[in-house]
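Below is one structure, written out as structure tokens; the observations come after it.
Lettering of chains follows the sequences in order, A, B, ..., and the numbering in each one begins at 1. Bear in mind the structure is a predicted one, so any value in this text is a computation, not a measurement.
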Amino acid sequence: MRRIVTVSERVVETPSTVTLRFTDPTPARPGQFVMVWVPGVDELPMSLAYAGDPKGITVKVMGEASGRIQSISPGTLLGVRGPYGNAFDLSPRRLLAVGGGSGTAVLAPAIEALVERGGDAVAALGATTASELLFADRLRDAGAVVHLATDDGSAGAPGFVTGVVEGLLRHQTFDAVWTCGPEVMMRKVVLAGRTAGIPTFCSVERWMKCGLGLCDACALGPYHVCIDGPVFPGETLLAAPGFSEFYRDASGRRRPYARPSAPGPAAHGP
Amino acid sequence: MRRIVTVSERVVETPSTVTLRFTDPTPARPGQFVMVWVPGVDELPMSLAYAGDPKGITVKVMGEASGRIQSISPGTLLGVRGPYGNAFDLSPRRLLAVGGGSGTAVLAPAIEALVERGGDAVAALGATTASELLFADRLRDAGAVVHLATDDGSAGAPGFVTGVVEGLLRHQTFDAVWTCGPEVMMRKVVLAGRTAGIPTFCSVERWMKCGLGLCDACALGPYHVCIDGPVFPGETLLAAPGFSEFYRDASGRRRPYARPSAPGPAAHGP
Amino acid sequence: MADLRVDLAGVALRNPFLLASGIWGESGESLKGVWAAGAGGVITKSIGREPRAGYPNPTVESYDRWGFLNAMGLPNPGIEEYPQEIAIARGAGALVVGSVFGHDADEFADLAERLAATGVAALELNLSCPHAEGLGAEVGSDPGAVEEICRAVVRRVRLPVIAKLTPNTHDIAALAVAAERAGAAAVSAINTVRGLSIDATLRRPTLSHGLGGLSGPAIKPVGLACVWQIYEKVRIPIVGVGGIGRAEDALEYVLAGARAVEVGTAVAFEGVGVFGRLARDLSSRLDALGVSRLSDLVGAAHRESGAGATAAAP
Amino acid sequence: MADLRVDLAGVALRNPFLLASGIWGESGESLKGVWAAGAGGVITKSIGREPRAGYPNPTVESYDRWGFLNAMGLPNPGIEEYPQEIAIARGAGALVVGSVFGHDADEFADLAERLAATGVAALELNLSCPHAEGLGAEVGSDPGAVEEICRAVVRRVRLPVIAKLTPNTHDIAALAVAAERAGAAAVSAINTVRGLSIDATLRRPTLSHGLGGLSGPAIKPVGLACVWQIYEKVRIPIVGVGGIGRAEDALEYVLAGARAVEVGTAVAFEGVGVFGRLARDLSSRLDALGVSRLSDLVGAAHRESGAGATAAAP
Ligand SMILES: Cc1cc2nc3c(=O)[nH]c(=O)nc-3n(C[C@H](O)[C@H](O)[C@H](O)COP(=O)(O)OP(=O)(O)OC[C@H]3O[C@@H](n4cnc5c(N)ncnc54)[C@H](O)[C@@H]3O)c2cc1C
Ligand SMILES: Cc1cc2nc3c(=O)[nH]c(=O)nc-3n(C[C@H](O)[C@H](O)[C@H](O)COP(=O)(O)OP(=O)(O)OC[C@H]3O[C@@H](n4cnc5c(N)ncnc54)[C@H](O)[C@@H]3O)c2cc1C
Ligand SMILES: Cc1cc2nc3c(=O)[nH]c(=O)nc-3n(C[C@H](O)[C@H](O)[C@H](O)COP(=O)(O)O)c2cc1C
Ligand SMILES: Cc1cc2nc3c(=O)[nH]c(=O)nc-3n(C[C@H](O)[C@H](O)[C@H](O)COP(=O)(O)O)c2cc1C
Ligand code: FES
Ligand code: FES
């Protein structure tokens, strides 16, 4: 059932991302998402960047609706339903988390929860430029070791974050790799995990309407991201028709992911 | 929700009453009733003459539907919903139960339950003639002291059972009186209880349709027999417009109770 | 404390919650009990010319907390005997609305006239019973018939006339327009939604009549849609009915365009105490929303909603 | 083991459970998954001439276990691109029924012809979407329009044509009669029941489109009533739809007159495993009833019920 919540806080995280906080007692686990309704505008799937109290979503401007969400000020009413979907498995003792752009939003609360349970986390974050790196301080505060990469070299390693990941996987051991970002990036992470013999888990995005496993909007091969995901084992995705190749638009038409980064559900990455 | 049950046994109790047994796991308490659907015929409220396993109803021929129910043979399918309504309070230590005609049907399982809990029961049963006395042996077997009365004097005291009741109330002490039978009879029992200073509880009948407190068919003054009853404190009934004076027919019209006994919902008495 | 009083076509109600016709409405004592429990008014069982026993049992099928299917068959004591029941309710101070059904305009008008003489505050015409041949919805889904019946009644009685409409049509707003044109003071919507239940073991419908009408929470979305569509087409007040059991339900109906509401099935699900609870809860809810008068919210969802949201559909 | 196979207007189904249009029907992989889960066949999303994004979100409102209200707005990839999805499902051996919607008879016929070329086993015409202007139920509640559209399609394709009817009318049987007269091989009933939901705090409809359509358990009685009424008026087979999630529901529809059934909302409530469960449970249920072939029960509730029970109502 939908709840109406009041935005209690608005935090500008980077030039293109903003966090909105709101109190909503419905329990949620890190990795899950909610459907956020901005009355008169749209209702969009948003990962919980904060899954506790107050909850929070971190929004990147992608188009009209996300633009309108971003500009929301405290006191505004939002409709929220969910949380939907599955969560990250918090059992790994030693984790590598790979965030591309605002993909880090969904990883952050899961990394915090894992460290709290006594796990060790290394995070590799990528962005186009230094100012767009998301939640680096938040993750350091949580106790994670943070590595950075920027396309323009303005912070951390120059180039894609996948380069950093390949290095980490060569020199350290991990029980699992989590990743969220553009699918082309995630594909590379999954393949690197496969080479290193480490299981990978990706949080993927698809166009969503119902969020309930009803409408087929979020179909990804034989899966529905809203109920079977958003977190999938990397190997499952490699076998799923469409992963990192196409998504479906609002009409259900296949739309190719342009490379290396593109507009589309998972485009808010490095 | 309605269950379809199979009649497992048919017992002729008196020339005008028959018991039908059936297995139905829905829990029930003595005093409650079920709505019994004879497909193609009617659905009627029937007290549980046996509230345990197998359940049972004891039916007196009153008209078309009860006639059809009576002639039902083992193996027949019936629809059952409920149990509905309240139950007898089983806490009295020393009970007087007054049954008029087939009214004894609803008292019997309650008396058995009360004796099982350690109570003492005296039962006064009335009928038109000896062969119509219902459940006298069953109640003796249960451990109750049984007094009888018949209109024609063919068994027990001659005349109405209310005469027997007045005598018992004068010479013995009771914590409570239960009664079921024609309302004119019950009224007398309530007044006798009042004189003796003993609380009375009557199981009353009204035309029923929904059994759910929806349709108003069973209105008795400000009460609905299906949800507020069928068991009412005698004093409550004395204050309720209509008790022992009129009932409502299927159209909701008031219909007087002819005296001393009459056709009508509670007419299957002595 | 927010003000729950509403003016329904000239009838002053202490709160918007009316007992729906056919629930607890056969006996005066029951109507009185509903009034005592806090209802804003009580609508009688639909009364006809003759006493009517209705259909044989089973007449009601219940679904787990979300609805009932019923085919009572319009049982009622008839216009000769029913006035004594109204007298009991009125004697207790109840605001009573008389409901009538008939086979044609004349019969409706006769019955309305006779009920009007009992001191009822308004008349509701049952143009919408979904399971009685030649009565109710059979007439009520034809705008021409609705107009004719309403006109005949309006000519004969001075009381406000409320036309109760059926949802079993492709265009309920057209029925409301017909009622308005004929001079009805208000419309109420909805009566039950046609339905059937079958017992698979016995291979037969569970209600003796076969077809029946669905009521309760399950039909709230249907009732809201009807009120919404009617509100866009008529100016007379609308009484919302269907699945109302919580203050929030009533508020939704008011926002969709209802000035008052009727409560039926919830009386069985929640007990008669539902009326007091509804009024209390609605009042607190309005306080929390910062709204001082319920009537300010009538139809407000039409005004607040964005472009796409008001699009009318067939 | 009871025989669940049915012949639906010449199409042999391994069991009576078809995926309803609009649920899991946009992508070939999903259709394939439903077939693999044990469905008797899969009906595609309703396909139109052009790709259509549908209405903005929110497009779905959910009610606690008893229903959904949706106004998707007929999103679909369009007839140009959709055949590749059908190919995936057919490649996995699925029996596919193609669903189309259009603005007029010509458009229906064109689309039907193009879908027929993809190897679908039958065509379902969506004459009944309750929330799309100028499409669906706006046309579909007029028997004349239904007849014209069905006739145009029947002339152009050799496949069995199934007319999907709306319950938002006072007389669904008249629509079925029109379809039969035009040569439709079957009718399916029902599409969703028009409804609305309102958020009282925000004072606006919750769906972006406002009005939507109700599906799920809440509409089972409505669907059963429609199938019952249609069965009394036509001889072509009926496909029952609306609130089917358990074998018992399907059995009730069959007894009311359905030869096959469609399952929609239950896929979301129960998961796609519902198809295997339905077939298994129905088979055991028939065994327990001593019935060897499901098809022997089609319409049986009309034959077994007593006098009062079969009375048709408006
Ligand atoms: C499970 C999940 C979690 C997400 N979490 C976040 C998050 O934490 N932060 C964040 O900024 N974004 C998140 N997104 C993406 C977000 O829902 C929107 O896709 C994005 O904000 C663009 O919306 P827009 O309307 O502004 O863009 P538009 O201008 O409408 O479109 C830009 C692109 O966004 C995509 N899009 C638009 N509407 C939807 C929709 N209903 N469902 C899916 N994709 C859509 C389309 O691919 C479109 O091409 C998530 C998506 C999913 C599926
Ligand atoms: C709570 C309750 C418990 C009952 N328990 C028993 C019982 O254990 N044994 C038993 O034999 N009878 C019982 N009855 C009475 C029974 O329901 C019928 O009233 C009776 O069997 C007559 O039915 P009929 O259709 O054969 O008679 P009809 O020929 O239809 O009518 C005879 C009279 O029975 C009454 N009656 C008919 N239908 C109904 C109805 N739906 N509801 C109420 N009264 C009706 C009317 O007053 C009518 O005048 C009970 C009634 C109630 C309300
Ligand atoms: C048992 C029952 C009897 C009804 N009888 C009548 C009636 O006599 N006249 C009428 O106008 N409506 C009648 N109705 C319809 C209700 O007044 C109301 O319109 C409908 O039940 C929807 O409201 P609800 O969901 O609150 O019950 C009846 C409904 C039920 C459930
Ligand atoms: C989300 C959703 C989308 C639907 N889309 C279509 C459609 O495109 N075409 C159609 O004929 N019916 C459509 N329907 C109606 C269903 O096919 C079905 O008739 C209805 O939902 C009732 O069945 P159910 O209760 O099993 O869901 C849709 C229903 C839902 C819930
Ligand atoms: S969003 Fe509708 S099925 Fe996933
Ligand atoms: S039988 Fe309907 S209210 Fe009691």
Legend entry - Qualifying residues under side-chain hydrogen bond (donor to acceptor under 3.5 Å, both in side chains), relative to D:Thr206, sequence neighbours excluded: D:Glu61, D:Ser197
Legend entry - Rounded distance (nearest 0.5 Å) linking atom OG1 of D:Thr201 with atom CG of C:Leu251: 8.0 Å
Inset, instruction - Go through C:Pro56, C:Ala200, C:Cys226, C:Pro167 and name the one with the most non-hydrogen pairs under 4.5 angstrom from chain D. - result: C:Ala200
Legend entry - Interface residues of residues 257-266 of chain C facing chain D - non-hydrogen atoms under 4.5 Å apart: none
Inset, instruction - Could you pull out the closest heavy-atom pair between D:Pro205 and C:Ala301, with the gap in Å? - result: CD-O, 4.1 Å
Legend entry - Worked check of side-chain contact (heavy atoms from CB on, under 4.5 Å) between C:Gln229 and D:Leu211: CA-CA 9 Å; C:Gln229 294 183 294; D:Leu211 295 168; 3.7 Å; yes
Legend entry - Distance in Å, D:Ile172 CD1 paired with C:Arg194 CZ, rounded so as to fall on 0.5 Å steps: 8.5 Å
Legend entry - Side-chain touch C:Arg203/D:Val291, heavy atoms, less than 4.5 angstrom: yes
Inset, instruction - First locate atom OG1 of D:Thr169, then atom NE2 of C:His170, and finally report the distance between them rounded to the nearest 0.5 Å. - result: 7.5 Å
Legend entry - Portion of C:Leu297 that has a non-hydrogen atom of chain D nearer than 4.5 angstrom: side chain
Inset, instruction - Go through the atoms of C:Tyr63 and report whether side chain, backbone, both or neither lie under 4.5 Å from a heavy atom of chain D. - result: side chain
Legend entry - Those residues of residues 279-290 of chain D, ordered by number, that approach chain C below 4.5 Å (heavy atom to heavy atom): D:Arg285, D:Leu289
Inset, instruction - Using a heavy-atom cutoff of under 4.5 Å, enumerate the residues of residues 216-224 of chain D that contact chain C, numbered in order, or state 'none'. - result: D:Pro217, D:Ala218, D:Pro221, D:Val222, D:Leu224
